[in-house]
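Provided herewith is a single structure, encoded as structure tokens, for subsequent inquiry.
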Protein chains: 2
Amino acid sequence: MPALSRFTTVLRLFSETRDAWTVLAMSDALEVPASSVYRTVRELVAEGFLEPSANATYRLGAAFVEFDRLTRLTDPLMQMGKPILQEVVRQAQIVCVGLLARLYHETVMCIADAAVPGATFHPSYERGRPMPLMLGATSRVILAQLPARRLKRLWEKETLARRTRHKQFEELRHHLAAVRRAGYAITRGEIDKGLVGIAVPLVASTSGATASLSLVVEAKILDRALEHRLVLLLISSAQMLSEDLSPAKKLASGR
Amino acid sequence: MPALSRFTTVLRLFSETRDAWTVLAMSDALEVPASSVYRTVRELVAEGFLEPSANATYRLGAAFVEFDRLTRLTDPLMQMGKPILQEVVRQAQIVCVGLLARLYHETVMCIADAAVPGATFHPSYERGRPMPLMLGATSRVILAQLPARRLKRLWEKETLARRTRHKQFEELRHHLAAVRRAGYAITRGEIDKGLVGIAVPLVASTSGATASLSLVVEAKILDRALEHRLVLLLISSAQMLSEDLSPAKKLASGR
DNA sequence: ACGATATTATCGACATATGATAACTATGTA
DNA sequence: TACATAGTTATCATATGTCGATAATATCGT
């Protein structure tokens, strides 16, 4: 019952499949009296997080577009990551999509993507889309970086509903240890059929967030040699990016 | 002092030039006790609107990226506008940038942009950036669409600090009436030196928001014939887009 | 202009925010 | 390792804003 959650519960109603809500529908869905929802919605509209649309419905507002631009311009990971990501895709010299992802609540979120001009496929990952924590190479290398305590907590949240055994957690721990040793992760078809993800960890000490750099390619064009080349490309790029992001000498910006 | 504003005043501190804040700095800037700011920040972090960064600073969070994606996917104007915008830029067959903009509070916000592959310049307009209401063709055609009452209110807000005369408002009214008759607006160098904006109104009855479709080109390549061609291109594209956005495809056309 | 629907205003009871201070927790350093 | 410092959370009495049913308006569709 903290104050902000009153607003976010309304905002969280909006989704890809349900993008316009009337106040009455919100009132029903949230089981909150209409008069209260009206008040809440009014405030959200005033601040630009919602806006009135056709037929007395409301949609997500332009404030999100505005703040998203600020994150694009100011987030060090995006700022420095985007050009490197594009360079990775270029140097790969094959049809592929590059991704920059990070931990976000109990999901992994892609915060930048770069496709070759004539990309023949679209991975599920795309900027701003929360993805499952326990699937895909991109997530794997992020999990592998987490301190044991944090990992345990996430695992517990993740498997709350499902009945899972402790043994499975130990298996995960071992698997992640192997990933950590190898320095990269590869998964095949875990997220999209026919696509392979190759990911390496990003150490962004300043940014705090644990992140990863990855490439998605079609399984059918990936042979052993190419796989090796891409892993090396990713590792060296991640190295470079991690250095860019590290204790930025004297030139601190805020304070 | 409604509840949401407590949070937005914090969020509004973040800008292009000041992207990382400590709690103490916020407390100073807002003249609110640190203990209160800590509480507010904690809630914003919990919901993903802020996130901790290096040196006890906070930055805008990934929730904005998430919600921005939803607007990209679901806003009818962006959904239908983006492909048409790209088509406009393609058909222009010159070096140019296309823009889709709309009214947002007391500003005009670009919600989609499309540049030719090898664009040699960058207009100030870019997705998510609020722009002045009284400058540029893009804004002009939006103002020209507004009901008199609304225009008056915006004008008054805009000119609150500055001492302006009533006569100037009448001039604006007349100018906008001319724009309305012409069906388009052209401005030269009002926003960016050496660039020209050509804009036409978008009638998006469902979306509610008044919007515009525009092209930015370099002044030096724009002659009378080209100008004419681009205006026609914009008008026909806007026509198409407006129809896409209109209420229903019931066979009856005359209203 | 009309009826229907959407939105805002009202108000007592109640819950939550406020802000000074104290307690606690990282984080870095000798 | 222990200490110091900055950063963060907890505490608590009080004031202020919220809640939700209902009534009063405003707006929409025709």
Side-chain angles (χ1 to χ4, degrees), chain A residues 1-10 20-47 50-59 61 146-150 153 204-209 246-250 252 254-255, chain B residues 1-10 20-47 50-59 61 146-150 153 203-210 246-248 250 252-255:
Chain A
M1 33 193 140
L4 183 56
S5 74
R6 182 157 57 91
F7 299 98
T8 52
T9 52
V10 168
W21 288 77
T22 64
V23 169
L24 243 50
M26 298 183 210
S27 168
D28 281 357
L30 301 175
E31 297 184 324
V32 170
S35 63
S36 298
V37 177
Y38 270 114
R39 224 182 348 235
T40 303
V41 167
R42 194 194 320 161
E43 289 187 53
L44 286 167
V45 169
E47 300 290 350
L50 283 184
E51 49 190 41
S53 183
N55 297 5
T57 64
Y58 292 85
R59 324 185 70 95
L146 294 178
R149 205 171 309 147
R150 186 98 189 274
R153 239 187 317 148
S205 51
T206 62
S207 139
S246 281
K249 301 307 159 218
K250 281 284 197 171
R255 170 63 200 176
Chain B
M1 33 189 115
L4 183 55
S5 75
R6 182 158 55 93
F7 299 98
T8 52
T9 52
V10 168
W21 288 76
T22 64
V23 169
L24 244 50
M26 299 183 208
S27 169
D28 281 357
L30 301 176
E31 296 184 328
V32 170
S35 62
S36 299
V37 177
Y38 269 114
R39 226 183 345 237
T40 303
V41 167
R42 194 193 319 161
E43 289 188 53
L44 286 167
V45 169
E47 299 290 350
L50 284 184
E51 48 190 40
S53 185
N55 296 11
T57 64
Y58 291 85
R59 322 185 72 95
L146 293 178
R149 205 171 310 147
R150 186 97 189 274
R153 239 186 317 149
V203 188
S205 50
T206 64
S207 137
T210 43
S246 282
K250 296 263 189 176
S253 54
R255 43 187 67 212

### Query
Which value, rounded to the nearest 0.5 Å, describes the distance between B:Trp21 atom CH2 and B:Leu30 atom CG?
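If I round to the nearest 0.5 Å, the distance is 7.5 Å.
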
### Query
Looking at residues at least two apart in the chain, or sitting in another chain, which of them share a side chain to side chain donor-acceptor pair (under 3.5 Å) with A:Glu47?
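Residues passing side chain to side chain donor-acceptor pair (under 3.5 Å) with A:Glu47: B:Thr8.
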
### Query
Starting at CZ of A:Phe7 and ending at C1' of D:dC19, how long is that distance when rounded to a whole Å?
13 Å

### Task
Could you tell me which residues satisfy side chain to side chain contact (heavy atoms under 4.5 Å, CB included) with A:Ala56, sequence neighbours excluded, listed by chain and number?
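If we apply the side chain to side chain contact (heavy atoms under 4.5 Å, CB included) test to A:Ala56, skipping adjacent residues, there are no hits.
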
### Task
Would you mind building the protein contact string for nucleotides 25-30 of chain C? One character per nucleotide, 5' to 3', B for base within reach (heavy atoms under 4.0 Å), S for sugar-phosphate only, - for untouched.
------

### Query
What pairs with B:Ser27 under side chain to side chain contact (heavy atoms under 4.5 Å, CB included), at least two apart in sequence or on another chain?
B:Ala34, B:Val37

### Query
Can you list the residues that meet the side chain to side chain contact (heavy atoms under 4.5 Å, CB included) rule with A:Ser36, with sequence neighbours excluded?
A:Val32, A:Pro33, A:Arg39

Using atom names, set out every protein N or O paired with an N or O of nucleotides 1-7 of chain C below 3.5 Å, distance rounded to 0.1 Å.
{"unit_1": "C:dT7", "atom_1": "OP1", "unit_2": "A:Tyr58", "atom_2": "OH", "d": "2.8"}
{"unit_1": "C:dT7", "atom_1": "OP2", "unit_2": "A:Tyr38", "atom_2": "OH", "d": "3.0"}

### Task
Please round to 10 degrees the angle between the axis of the first five pairs and the axis of the last five pairs in the helix from C:dA1-D:dT30 to C:dA30-D:dT1.
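One end axis against the other gives 80°.
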
### Query
Hey, what do you get for OG1 (B:Thr40) to OH (B:Tyr38), rounding to the nearest 0.5 Å?
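Rounded to the nearest 0.5 Å, the OG1-OH separation comes to 12.5 Å.
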
### Task
With sequence neighbours left out, write down each residue that passes side chain to side chain contact (heavy atoms under 4.5 Å, CB included) with A:Thr22, or none if nothing qualifies.
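Only A:Leu24, A:Ala25, A:Thr57 meet the side chain to side chain contact (heavy atoms under 4.5 Å, CB included) criterion with A:Thr22.
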
## Note on the structure
In whole angstroms, the gap separating P of C:dA17 from CG of B:Leu4 amounts to 13 Å

### Message
Which heavy atom of A:Ala3 sits nearest to which heavy atom of B:Arg6, and what is that distance?
### Response
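For A:Ala3 and B:Arg6, the tightest heavy-atom pair comes out as CB-NH2, 3.3 Å.
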
### Task
Determine whether A:Met26 and A:Val10 make a side-chain contact, defined as any pair of heavy atoms from C-beta on separated by less than 4.5 Å.
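Contact flag for A:Met26/A:Val10 side chains = yes.
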
### Distance in Å, B:Leu146 CG paired with B:Thr210 OG1, rounded so as to fall on 0.5 Å steps
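The distance works out to 5.0 Å.
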
### Interatomic distance where CD belongs to B:Glu43 and P belongs to D:dT8 [whole Å]
16 Å

### Task
Find out whether A:Tyr58 and A:Glu51 are in side-chain contact, i.e. whether some heavy atom of one side chain is under 4.5 Å from a heavy atom of the other.
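No. Closest side-chain heavy atoms not under 4.5 Å.
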
### Query
How close or far is atom C1' of C:dT8 from atom CG of A:Leu44, stated in whole angstroms?
16 Å

### Task
Take B:Ala34 and A:Ala34, find for each the nucleotide of DNA chain C with the closest heavy atom, and name the residue whose nucleotide sits nearer the 5' end.
A:Ala34

### Task
Give a yes/no on whether any side-chain N or O of A:Ser36 is located under 4.0 angstrom from OP1 or OP2 of D:dG20.
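Answer is yes, contact under 4.0 Å.
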
### Query
Of the candidate nucleotides C:dA17, D:dG20, D:dC19, which contains the atom at the shortest distance from the side chain of A:Arg6?
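Of all the options, the side chain of A:Arg6 is nearest to D:dC19.
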
### Quiz item: A:Arg39 side-chain donor-acceptor pair to D:dG20 base, under 3.5 Å
yes

